[in-house]
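Following: one structure in structure tokens, then a few remarks.
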Amino acid sequence: MTGSIRRVLVVDDSRLQRRILVASLKKWGFDVVEADSGASAMEICQEEAPDLILSDWMMPGMNGLEFCRNLRKLNTDDYSYFILLTSKSEKNEIAEGLHSGADDFLTKPVNSDELRARISAGERILRMQRELSEKNRIVSETLDELQRVYDAIDKDLMQARKIQESLVPELHGTFGSSDVSLLLKPCGHIGGDLVGMFSPGVNRLGFYSIDVSGHGITSAMMTARLGGYLSSTHFDQNVAMEQRFNRYYALKSPEEVAGILNARLIADTGIEEYFTMAYCTVDLRSGLLKMVQAGHPHPLLIRKDGSTEFIGQGGVPVGLVPDIAYSREEVVLEKGDRLLLYSDGFTEARLESGEMLDDEGLIDLVRKCDGGQSGQEFLDEMYWNLTEVMSKEFGMEDDVSATLFEYNGA
């Protein structure tokens, strides 16, 4: 007889009873071990747990119930199927045996056919238990491996976040008497938003807000690429600048910059990502601001007197349509005016009501901020106000970023 049960332990203080049981078990092909007491049986089980135990209930010293209880306390991965041999037939006594950890009962004197049938039933249960244990082991090992992989990915993402943060080394810049402040809050380790500023010389300034489609690693890789295209330190690599007379750099028009970026993305086969952008240049002497809006949310112009208006005509995102002509908007800023560029992480934030913040909600966030704050404090409070009204259940579902330009005259 073969199967899940190979090794059987017979425990009985009666040598005759053991011999009867052992004879049948060996005839059926089992490897049989004998013990004349519960104590000696425990020593055997501590060395190597048997597959099946046939134990008498009534024995001097440690009886069958006590042996069963002590067996179940052993810290072992191998389960032993326990059949209690007894002359007891009362239901409360059987219940006591089951409560002690016994799996089955046989009434003495033991019938050979019934014993074989009970062993077959125990073998089926053991087989299922061991299959389940093996599957649990595989699941446990898989989870451990997944945890190791997750930890490695998490470590890489933390490093990727540091690299992405290096794309925006400074969150505030002063240019003449004017200021630019930046806010970048990814919803995960890394994000697809990018903000920045650069100035090739006195009174010339460019700043932008970009939102790459999607989330996660792919979007973050695209922002890294765009950070190189719009570098604030390597002007020779910045597509928004051109060198003139080998002496100085000048800013290209915003619509030309959008066209260059669009052509580069369209030319790269296999890239499905696109991005929205609001990019502005400003002459700090005159306050003339030129802007291209490529699918990005409408920038919010905050006048010195507190009045607000959204500007821009929308436009097509960069990287979607080849050979598209982008248009330019122009606004003359007065001393004390501010321009807010922001990603849709603000306006599409989900509120407790389930609705989105939208444009009116954005204006409310702006109005809650103290007008006397610095640009960085203004953006930080604006973001904090957003977290106060957004849904606690869903939290921040998209990256949140903003660029605030404060014009303070020539």
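Using a 4.5 Å heavy-atom threshold, the side chains of Leu65 and Leu84 count as touching. Proximity of Pro50 to Cys45: side-chain heavy atoms (C-beta onward) are separated by under 4.5 Å at one or more points. Considering only heavy atoms from C-beta on, Phe105 comes within 4.5 Å of Leu98 through its side chain. Taking 4.5 Å as the limit, some side-chain heavy atom of Ile119 sits within range of a side-chain heavy atom of Trp28. Put simply, the side chain of Asp193 does not reach to within 4.5 Å of the side chain of Val400, judged on heavy atoms. Side-chain contact check for Phe346 versus Leu183: some heavy-atom pair is nearer than 4.5 Å. Side-chain contact between Leu194 and Ser401 is absent, with no heavy-atom pair separated by less than 4.5 Å. Looking at heavy atoms from C-beta onward, His296 lies in side-chain contact with Asp211 at the 4.5 angstrom threshold.
For the residue pair Ser391 and Leu351, the shortest heavy atom distance occurs at CB-O, 3.5 Å. Minimum heavy-atom separation, Tyr279 to Phe207: CD1-O, 3.3 Å. A pairwise comparison of heavy atoms in Ile266 and Pro322 identifies CG2-CB, 3.9 Å as the closest pair. Closest approach of Pro317 to Tyr326, counting heavy atoms only: O-OH, 3.3 Å. Contact between Lys26 and Val32 at its shortest, heavy atoms only, is CG-CG2, 3.8 Å. Looking at every heavy atom in both residues, Met197 comes nearest to Tyr208 through N-CE2, 4.1 Å.
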For a side-chain contact (heavy atoms from CB on, under 4.5 Å) check, start with the C-alpha distance between Ile210 and Thr223, then their side-chain angles and the critical distance, and finish with the verdict.
CA-CA 8 Å; Ile210 287 174; Thr223 63; 5.7 Å; no
Take Thr174 and Asp179 through the side chain to side chain donor-acceptor pair (under 3.5 Å) test and state the conclusion after the steps.
CA-CA 4 Å; Thr174 298; Asp179 295 275; 2.7 Å; yes
Quick one: do Leu365 and Tyr342 satisfy side-chain contact (heavy atoms from CB on, under 4.5 Å)? Show the steps, please.
CA-CA 13 Å; Leu365 293 184; Tyr342 55 92; over 6 Å; no
Please evaluate residues Ile363 and Phe310 with respect to the criterion side-chain contact (heavy atoms from CB on, under 4.5 Å), reporting the C-alpha separation (whole Å), side-chain torsions for both, the decisive distance (0.1 Å), and the verdict.
CA-CA 10 Å; Ile363 292 176; Phe310 290 101; 3.7 Å; yes
Chi angles and distances behind the side-chain contact (heavy atoms from CB on, under 4.5 Å) call for Asp364, Val389:
CA-CA 11 Å; Asp364 288 339; Val389 298; over 6 Å; no
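Taking a cutoff of 4.0 Å between a charged side-chain nitrogen and a carboxylate oxygen, Arg118 and Glu114 qualify as a salt bridge. Lys304 has no carboxylate O lying under 4.0 Å from a charged side-chain N of Asp337, or vice versa, which leaves the two without a salt bridge.
No donor-acceptor pair under 3.5 Å is formed between the side chain of Thr308 and the backbone N or O of Leu301. Between the side chain of Asn262 and the main chain of Val321, a donor-acceptor pair closer than 3.5 Å is present. Between the side chain of Thr86 and the backbone N or O of Thr107, no donor-acceptor pair lies under 3.5 Å. Without hydrogens or angle criteria, Tyr407 side chain to Glu334 main chain gives no donor-acceptor distance under 3.5 Å. Side chain of Thr347 to backbone of Asp359: no donor-acceptor contact under 3.5 angstrom is found. For Arg7 (side chain) and Glu48 (main-chain N/O), a donor-acceptor pair under 3.5 Å exists by modelled atom type. Under the 3.5 Å distance criterion, the side-chain polar atoms of Asp283 are left unmatched by any main-chain donor or acceptor of Leu288. A donor-acceptor pair is defined here as one N or O able to donate and one able to accept, closer than 3.5 Å; such a pair exists between the side chain of Asn63 and the backbone of Glu66. In this structure a side-chain-to-backbone donor-acceptor pair under 3.5 Å is missing from Ser140 to Arg137. Using modelled atom types, no side-chain atom of Ser181 and backbone atom of Leu404 make a donor-acceptor pair closer than 3.5 Å.
Counting heavy-atom neighbours within 6.0 Å of Glu360 CD, excluding the residue itself, gives a total of 12 or less. The local environment of NE2 in His99 is sparse, with at most 12 non-hydrogen atoms from other residues, nucleotides or ligands closer than 6.0 Å. More than 12 non-hydrogen atoms from other residues, nucleotides or ligands lie less than 6.0 angstrom from CD of Glu141. The environment of OH in Tyr229 is crowded: more than 12 heavy-atom neighbours from other residues, nucleotides or ligands sit within 6.0 Å. For CD of Glu330, the number of neighbouring non-hydrogen atoms (other residues, nucleotides, ligands) closer than 6.0 Å is greater than 12. In the displayed structure, Ile217 atom CD1 is contacted under 6.0 Å by at most 12 heavy atoms of other residues, nucleotides or ligands. Asp323 CG: 12 or fewer foreign heavy atoms inside a 6.0 Å radius. The neighbour count for Lys392 NZ, taken as heavy atoms of other residues, nucleotides or ligands under 6.0 Å away, is above 12.
Using modelled atom types and a 3.5 Å distance limit, the side chains of Ser133 and Gln129 yield a donor-acceptor pair.
To the nearest 0.5 Å, the span separating SG on Cys68 from CH2 on Trp57 amounts to 10.0 Å. Atom CG of Leu339 and atom CD of Glu406 lie 11.0 Å apart (nearest 0.5 Å). Atom CG of residue Asp36 and atom CG of residue Asp12 lie 9.5 Å apart, to the nearest 0.5 angstrom. Residue Cys187 holds its SG atom at 4.5 Å from CG of Asp399, rounded to the nearest 0.5 Å. Here the CD1-CD1 distance, from Ile53 to Ile44, works out to 9.5 Å after rounding to the nearest 0.5 Å. The distance from the NE2 atom of His172 to the OG atom of Ser374 is 6.5 Å, given to the nearest 0.5 Å.
Among the candidates His298, Glu329, Glu255, the single residue satisfying the side-chain hydrogen bond (donor to acceptor under 3.5 Å, both in side chains) test with Gln293 is His298.
The cationic atom of Arg72 (NZ for Lys, CZ for Arg) does not lie both less than 6.0 Å from the six-membered ring centre of Phe82 and within 45° of the ring axis.
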